[in-house]
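When a ligand or atom number is given, it counts from 1 through the structure's own listing order.
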Amino acid sequence: MLKYRIIPVTPYQQNCTLLWCDETMKSAIVDPGGDLHRIRQAVTETGTELEKIILTHGHLDHVGGTEELAKELNLPIEGPHPDDMFWIEQLPQQAQMMQFPPVKAFEPNRFLYQGDSVSVGNVSLGVRHCPGHTPGHVILFSEEKNLALVGDVLFQGSIGRTDFPRGDFDTLVKSITEQLWPLGDDMQFIPGHGPMSTFGVERQTNPFVADKNFG
Ligand SMILES: [Zn+2]
Ligand SMILES: [Zn+2]
């Protein structure tokens, strides 16, 4: 069975998430934006063994700790979709601009595409390509656990910014309604920032993507 712990990191309180399989106690860290001491502590506290890094998209607050952690623990990096490589290549400049500690660019070991799956121990997660906030954004979901990790695609009561290079509002709304909603109203999600919610609640109340907007 899949287990998780949310570890808010960076000044942006990004919801880095430790996922693990309670049969094998193997874990994966999703979006290690920084504050690696907090991530190491969560790994120790849960008694899990980190086997990989998974990335939803190339923004600094989501991937800033990736290169250092991957090197330190010799971990493979899975994701995001290759269309986010321009963000990853610009990480050193992003870090300087946002006044983060210096960050190096890196090359993922595996890009993720629509319909892929990623494993954590014996658990398998599905992948959907959800462009709009960034062109190469992917989300992860577990039907068994009824849980999705959606990065900056959707938040409780809001959606991701679309004013970045190659961001697009209509594309983001389409990703949400065509890739997230079909996963089911009961599905809980961990957004990139802020509290958890369910797709059903957002379909009723989210001012950007509620069903009534499209009636
Ligand atoms: Zn972002
Ligand atoms: Zn973010």
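The environment of CD in Glu72 is crowded: more than 12 heavy-atom neighbours from other residues, nucleotides or ligands sit within 6.0 Å. Taking a 6.0 Å sphere around CD of Gln99, one finds it holds 12 or fewer heavy atoms contributed by other residues, nucleotides or ligands.
Shortest distance from the Zn ion (ligand 1) to His133 is reached at NE2 (N/O/S atoms only). Between the Zn ion (ligand 2) and the N, O or S atoms of Asp61, the shortest distance is to OD2.
The aromatic ring centroids of His137 and His59 lie 6.0 Å or more from each other.
To the nearest 10 degrees, the Zn ion (ligand 2) sees NE2 of His193 and NE2 of His62 at an angle of 110°. The ND1 atom of His59 and the OD2 atom of Asp152 meet at the Zn ion (ligand 1) at an angle of about 160°, given to 10°.
Note: Phe106 CZ to Glu68 CD = 12.5 Å, rounded to the nearest 0.5 Å.
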